[in-house]
Amino acid sequence: MAEPSKVIHVRNVGHEIAESDLLQLFQPFGVIAKLVMLRAKNQALLQMQDVPSAVNALQFYSNVQPSIRGRNVYIQFSSHQELTIMDQSSQAHADEPNRILLVTIHHMLYPITVEVLHQVFSPHGFVEKIVTFQKSAGFQALIQYQSHQSAILARNSLQGRNIYDGCCQLDIQFSNLDELQVNYNNERSRDFTNPSLPSEQKGKSSQLGYGDPSIYPHAVGFAQLGNAAAIAAAFGGGLPPGISGTNERCTVLVSNLNADRIDEDKLFNLFSIYGNIIRIKLLRNKPDHALVQLGDGFQAELAVHFLKGAMLFGKRLEVNFSKHPNITTGADTHEYSNSNLNRFNRNAAKNYRYCCSPTKMIHISTLPQDVTEEEIVNHLEEHGTIASTKLFEMNGKKQVLVLFENEEQATEALVCKHATSLGGSTIRISFSQLQTI
């Protein structure tokens with residue numbers, strides 16, 4: 001073992017581990033004077049106030065394996081007796097407030113664009129410029145504020161936070177740059193003080209069909225991100241196979257319905273899995289036909305793609321784009337644009353991610369806390385044979401998975417029982433992509 005020192009060297013510090021996690025690990029042993037995160041090396045240097053505190057920490061953790069967020073970390077005395085500015089290498093400037101922030105995104109499951117960063121950082125002050133780039137440490141960005149105070153406020157508020165739930169963690173330091181130079185306004189860089197800059201070639205992102213947030217103005221995603229960012233987040237920068245992302249037709253025609261059993265609310269329950277519903281019209285002259293208008297062309301494309309050929313009430317559905325751009329309001333149309341049951345007004349990215357063709361398994365949430373599996377089975381069994389159920393708790397809330405014998409039975413249960421009352425709670429039903437319970 002190295003000579004005892006106030007400075008402790010920590011290895012295997014994963015990107016998911018924040019400064020606060022390390023502080024929590026060592027604070028029981030004394031005052032922590034300095035902490036330097038060496039992100040590129042997955043390491044950290046931590047200086048206790050005195051040598052006995054560091055010795056106590058190492059003696060304790062020689063008998064107990066230290067673990068943070070499920071990851072074992074390894075500690076030893078550093079060869080340094082004191083942390084100096086030189087030891088901090090390129091991170092030395094992190095202690096000196098500056099109006100430019102260096103932001104590293106760890107655990108980046110979803111793409112981060114200039115628009116996403118601007119929406120995250122602009123609440124703390126006027127953002128003048130953003131530049132993004134890829135380095136060995138991962139995806140990084142430089143954010144230039146108009147004032148030092150805004151940058152300090154943003155760092156204090158956002159350090160260690162996740163942009164999306166459970167991922168895209170922000171690691172923020174002060175940059176030592178004086179001014180950012182931005183040559184292009186595009187998805188990788190932006191000068192908000194000079195909107196007339198050229199955009200470079202546009203071909204790279206246009207094929208995805210969601211590069212311009214104005215294309216999808218209706219839904220609001222996590223942390224008030226626009227619908228374009230929610231789509232990018234949900235599908236990891238690409239799109240599901242068979243989805244072009246360029247469709248602009250919002251209305252779909254559904255045919256071969258079981259006219260004796262279908263109604264507007266049942267269609268709403270099915271189609272609202274793929275987007276917000278504006279209005280629905282059953283065609284009186286063709287009782288097995290209906291028009292469904294969704295929030296935008298992308299949502300309509302998801303519905304056509306995933307529901308074409310689905311079985312419901314003994315009929316195989318035909319779902320195609322309608323020649324009508326929208327449904328005219330009238331006595332025979334049902335309005336849903338202001339319905340609080342539209343799923344994509346909240347957590348849009350999560351709802352896009354759950355889009356799939358009907359499956360045998362349904363997921364039910366917003367259940368009463370004292371609900372039993374027997375009550376759930378009684379509520380659903382009229383729609384088909386239930387093979388198995390699994391009641392569980394997530395974030396303190398009861399949820400259940402229900403596996404039916406086939407997709408048609410699960411689809412019927414969803415269209416008939418979504419948004420119904422069970423034990424005083426309005427339940428929410430979605431298809432689950434899990435294969436088994």
Side-chain angles (χ1 to χ4, degrees), residues 208-210 212-221 226-228 230-231 234-235 239-259 261-313 315-345 348 351-352 354-358 411 414-415 418-419 430-431:
L208 297 178
Y210 55 71
D212 180 1
S214 65
I215 296 172
Y216 305 109
H218 302 284
V220 178
N227 201 20
I231 293 166
F235 301 120
L239 291 174
I243 299 292
S244 71
T246 59
N247 172 63
E248 296 180 356
R249 293 166 290 180
C250 302
T251 305
V252 300
L253 175 67
V254 194
S255 57
N256 203 35
L257 292 162
N258 185 328
R261 300 193 62 185
I262 201 67
D263 60 40
E264 291 88 348
D265 287 347
K266 290 187 176 73
L267 284 170
F268 172 90
N269 289 347
L270 181 59
F271 279 82
S272 63
I273 293 171
Y274 307 101
N276 284 340
I277 306 301
I278 307 302
R279 57 186 66 94
I280 295 176
K281 179 179 181 178
L282 290 174
L283 305 186
R284 300 305 168 196
N285 57 337
K286 295 181 179 177
D288 65 340
H289 284 57
L291 291 171
V292 180
Q293 183 179 337
L294 289 102
D296 60 44
F298 182 76
Q299 295 177 352
E301 188 177 8
L302 289 175
V304 169
H305 177 75
F306 286 121
L307 287 178
K308 189 184 285 283
M311 292 294 296
L312 178 62
F313 299 133
K315 298 277 192 172
R316 188 172 297 279
L317 302 184
E318 271 302 317
V319 186
N320 296 288
F321 295 111
S322 169
K323 62 183 179 182
H324 302 286
N326 50 51
I327 301 173
T328 307
T329 304
D332 54 352
T333 61
H334 277 230
E335 284 288 331
Y336 292 97
S337 56
N338 295 319
S339 172
N340 60 6
L341 295 175
N342 269 319
R343 301 172 188 246
F344 287 74
N345 290 329
N351 284 302
Y352 280 125
Y354 291 159
C355 286
C356 63
S357 296
T411 305
L414 184 146
V415 302
H418 173 66
S430 305
F431 291 116

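This one's a predicted model, so the numbers in the text were calculated from it and none came from an experiment.
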Next item on the list: Taking side-chain hydrogen bond (donor to acceptor under 3.5 Å, both in side chains) as the test, write out the residues that go with R261, two or more places apart.
Entry: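 Counting only residues at least two positions away or on another chain, R261 forms a side-chain hydrogen bond (donor to acceptor under 3.5 Å, both in side chains) with E412.
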Measure across [X] and [Y] and return the closest heavy-atom pair with its distance rounded to 0.1 Å.
X	Y	answer
A419	L341	CB-CD1, 3.8 Å
A303	V319	O-CG1, 4.2 Å
S322	L291	OG-CD2, 3.6 Å
N276	F344	OD1-N, 3.0 Å
L317	N256	CD2-O, 4.1 Å
C250	G297	SG-N, 3.8 Å

Next item on the list: Name the orientation class of the two ring planes belonging to F298 and Y352 (parallel below 30°, tilted from 30 to 60°, perpendicular beyond 60°).
Entry: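 It falls in the perpendicular class, over 60°.
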Notebook entry, point to check: Quick one: salt bridge (Lys or Arg N to Asp or Glu O under 4.0 Å) pairs with a partner in residues 317-343, sequence neighbours left out?
Noted result: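 Non-adjacent pairs meeting salt bridge (Lys or Arg N to Asp or Glu O under 4.0 Å): R279-E335, K281-D332.
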Next item on the list: Return the set of residues passing ring pair (Phe, Tyr, Trp, His ring centres under 6.0 Å) with Y336 (not counting sequence neighbours), or none when no residue passes.
Entry: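 F268.
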Check: Considering residues at least two apart in sequence or located in another chain, which fulfil the ring pair (Phe, Tyr, Trp, His ring centres under 6.0 Å) criterion with F431?
Finding: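 F431 satisfies ring pair (Phe, Tyr, Trp, His ring centres under 6.0 Å) with no residue once adjacent residues are dropped.
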Next item on the list: Please name all residues satisfying side chain to side chain contact (heavy atoms under 4.5 Å, CB included) with H305, sequence neighbours left out, ordered by chain then number.
Entry: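 Only I243 meet the side chain to side chain contact (heavy atoms under 4.5 Å, CB included) criterion with H305.
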Margin query: Going by the rule side chain to side chain contact (heavy atoms under 4.5 Å, CB included), which residues pair with A259 if we only count those two or more places apart in sequence or in a different chain?
Written below: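 A259: side chain to side chain contact (heavy atoms under 4.5 Å, CB included) contacts with P287.
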Roughly how far, to the nearest 0.5 Å, is [atom2] of [Y] from [atom1] of [X]?
X	Y	atom1	atom2	value
D265	H334	CG	NE2	7.0 Å
L307	Y274	CG	OH	4.0 Å
L294	E301	CG	CD	12.0 Å

Counting only N and O atoms by type, is there a donor-acceptor contact under 3.5 Å from the side chain of [X] to the main-chain atoms of [Y]?
X	Y	result
Q293	I327	yes
T251	P325	yes
N342	I277	yes
S357	F306	yes

Margin query: Going by side chain to side chain contact (heavy atoms under 4.5 Å, CB included), P358 matches just one of I273, T411, V415. Which one?
Written below: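 Option passing the side chain to side chain contact (heavy atoms under 4.5 Å, CB included) with P358: T411.
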Note to self: side chain to side chain contact (heavy atoms under 4.5 Å, CB included) for F271 and V252? Distances and angles first, verdict last.
What the structure shows: CA-CA 10 Å; F271 279 82; V252 300; 3.8 Å; yes
Note to self: Determine whether K266 and L270 satisfy the following criterion, side chain to side chain contact (heavy atoms under 4.5 Å, CB included), listing intermediate values before the conclusion.
What the structure shows: CA-CA 6 Å; K266 290 187 176 73; L270 181 59; over 6 Å; no
Check: Do the side chains of L312 and I262 get nearer than 4.5 Å, heavy atoms only?
Finding: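 SC-SC contact between I262 and L312 confirmed.
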Checklist line | 4.5 Å side-chain heavy-atom contact, L267 and L257 | finding: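 A side-chain contact under 4.5 Å exists here.
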